[in-house]
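Every chain is numbered from 1, with letters handed out A, B, ... down the list of sequences. Just so you know, these numbers use all the heavy atoms, side chains as well, and skip hydrogens, waters and symmetry mates.
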Amino acid sequence: MLTRRIIPCLDVREGRVVKGVRFRDHVDMGDIATLAMRYRDEGADELVFYDITASPQGRRVERDWVERVARIIDIPFCVAGGIRSVADARDVLHAGADKVSVNTPALERPALVGELADAFGVQCVVVGIDSLRDEDGEWRVRQYTGDPSRTRALSRRTLDWVCEAQRLGAGEIVLNCMGSDGVRGGYDIEQLRQVRDLCDVPLVASGGAGEAMHFAQVFRQADVDGALAASVFHSGAVPIPALKKQLRQEDIEVRDAG
Amino acid sequence: MRVAVIDSGGANIGSVIYALERLGIDAALTADASEIRQAERVILPGVGAAATAMARLQEHGLVEVIRSLQQPMLGICLGMQLLFDHSDEGDVACLGLLPGRVRKLQGGPGIRVPHMGWNALRKQQESPLLAGVAEGAYAYFVHSFAAPVTVDALATSEHGERFAAVVGRGRCFGAQFHPERSASVGARILRNFIGMELA
């Protein structure tokens with residue numbers, strides 16, 4: 001049986017791993033390769049690297065750290081940030097990344113999702129969605145979230161974008177619930193459930209993990225395929241081996257990396 | 001040990017080279033027929049679509065080269081699917097080294113396609129390729145098409161349906177998952193492949 005994935009997310013800025021609260025005020029968390037190795041050794045199932053400044057600054061992911069990570073780790077990883085074209089994606093994939101995730105550039109030009117799927121297969125193409133609930137109760141997508149001064153709200157409803165992204169060729173959706181991100185109060189089950197109902201490809205929950213129980217809740221209640229988190233892993237608040245042990249005790253199937 | 005990794009045009013070939021590097025093997029990424037023929041081990045990786053990959057092998061005149069090799073060869077992911085007769089992905093004739101037809105995973109309620117993530121390997125037959133790999137060991141899969149469970153299946157996995165996870169016939173081997181991204185289980189399989197002697 002396919003196991004549920006535990007995915008540490010490493011926000012990368014200028015070649016270092018950083019972490020902010022609600023996407024702001026970033027603190028240095030350490031060296032990319034060091035953290036990647038630590039998570040690999042702890043039994044992470046996959047890693048996601050977000051180059052959080054690439055999209056707002058209109059530049060591409062730096063290939064050298066992607067290659068450095070690919071050389072040392074033996075679990076899959078996905079790279080996000082600043083991938084605007086098939087050529088950009090090819091660069092990152094050739095450097096050794098297993099998947100690319102597109103967010104802002106896919107909103108600017110949705111056809112990009114289809115172009116990437118045609119070039120590399122849907123299994124390489126992840127669409128990342130930053131979503132926030134508006135006052136009218138609708139979830140809508142946000143753009144340029146790596147830079148608070150440039151973050152923009154769009155009129156596009158999150159649920160519509162989830163459907164469109166799949167139609168265009170997304171092989172996986174990462175839903176980042178901005179309202180719960182960084183505050184450790186649990187994943188946004190309500191939103192994830194609604195997205196799950198519309199999502200036939202793998203869905204990864206992001207934003208809100210604060211303790212091991214939150215992972216069990218999101219797997220059980222929102223039926224997501226993976227759960228992504230950053231600060232609880234970086235800080236050691238939720239050690240991955242203990243988390244997996246607890247999930248197994250609750251009959252949630254996870255990979256035994258032992 | 002000379003290892004050739006066939007440049008089949010797939011995008012993340014780099015990770016196969018790096019995995020071999022971690023085992024102390026300096027592999028050559030190549031689409032050159034004579035280099036492939038002279039290698040002691042040949043790896044056919046691949047991510048992308050079957051039709052595109054077959055077209056590229058034809059373009060480089062590699063179809064007959066691969067069919068006539070005598071040394072151990074390992075197809076990975078799409079590379080394993082290409083070993084079969086035919087793939088429904090693009091309805092294309094493949095290398096025909098293993099009998100069978102590659103089909104799309106059906107999916108269903110709670111069974112999402114692509115099949116993406118770590119899944120358990122169930123051994124079908126003993127093989128030097130799987131020496132030291134425990135029953136139920138997890139490997140990392142990312143695919144939407146899969147090969148049938150035939151007499152050539154060395155291990156299977158299940159995602160709504162059973163499919164071939166590891167295959168072997170004579171000098172030809174294949175892994176539907178990515179050994180280069182399957183932690184110690186994958187490293188062991190790659191090491192077994194490099195070290196194996198053909199009967």
Measure the spacing between CG of A/Asp98 and CZ of B/Arg181 and express it to the nearest 0.5 Å.
-> 4.5 Å
Just wondering, more than 12 heavy atoms not from A/Asp64 lying within 6.0 Å of its CG?
-> yes
For A/Lys245, look at atom NZ and say whether over 12 heavy atoms of other residues, nucleotides or ligands are found less than 6.0 Å away.
-> no
Side chain from CB out, backbone as N, CA, C, O: work out which of these in B/Ala19 comes under 4.5 Å of a heavy atom of chain A, or both, or neither.
-> neither
Side chain, backbone, both or neither of B/Ser144 within contact of chain A (heavy atoms, under 4.5 Å) | side chain
Enumerate donor-acceptor pairs with a distance under 3.5 Å from any side-chain N or O in residues 125-135 of chain B to protein atoms, sequence neighbours excluded.
| residue | atom | partner | partner atom | Å |
| --- | --- | --- | --- | --- |
| B/Gln125 | NE2 | B/Val151 | O | 2.7 |
| B/Gln125 | NE2 | B/Ala153 | O | 2.9 |
| B/Ser127 | OG | B/Leu129 | N | 3.0 |
| B/Glu135 | OE1 | B/Lys123 | N | 3.0 |

Who wins among B/Ser184, B/Ala183, B/Gly186 for the most heavy-atom pairs under 4.5 Å with chain A?
-> B/Ala183
At a heavy-atom separation under 4.5 Å, does A/Glu67 approach chain B through its side chain, its backbone, both, or neither?
-> both
Closest non-hydrogen contact found for A/Val122 with B/Pro114 is CG2-CG, 4.2 Å
Taking A/Arg255 for the side chain and B/Ala139 for the main chain, is one N or O donor matched with an acceptor at less than 3.5 Å?
-> no
With only heavy atoms counted, which part of B/Ser157 is less than 4.5 Å from chain A, the side chain, the backbone, both or neither?
-> neither
Relative to chain B, which segment of A/Arg71 carries a heavy atom at a distance below 4.5 Å: side chain, backbone, both, or neither?
-> both
Salt bridge check: are B/Arg22 and A/Asp74 linked by an N-O gap of less than 4.0 Å?
-> no
Just how far is it from atom CD1 of A/Ile75 to atom CH2 of B/Trp118, taken to the nearest 0.5 Å?
-> 6.5 Å
Taking all atoms of both residues into account, what is the closest heavy-atom pair of B/Ser15 and A/Gly96, and its distance?
-> CB-O, 4.0 Å
Separation of B/Met116 CE from A/Gln123 CD (nearest 0.5 Å) = 7.0 Å
In Å, rounded to the nearest 0.5 Å, how long is the span from CG of A/Asp45 to OH of B/Tyr138?
-> 10.0 Å
Quick one: which of B/Glu158, B/Glu89, B/His115, B/His143 has the most heavy-atom pairs under 4.5 Å with chain A, could you say?
-> B/His115
Pick one of side chain, backbone, both or neither for B/Val142, based on which atoms fall under 4.5 Å of a heavy atom in chain A.
-> both
Tabulate, in ascending numerical order, the residues of residues 190-206 of chain A having at least one heavy atom closer than 4.5 Å to a heavy atom of chain B, or enter 'none'.
-> A/Arg196, A/Asp200, A/Val201, A/Pro202
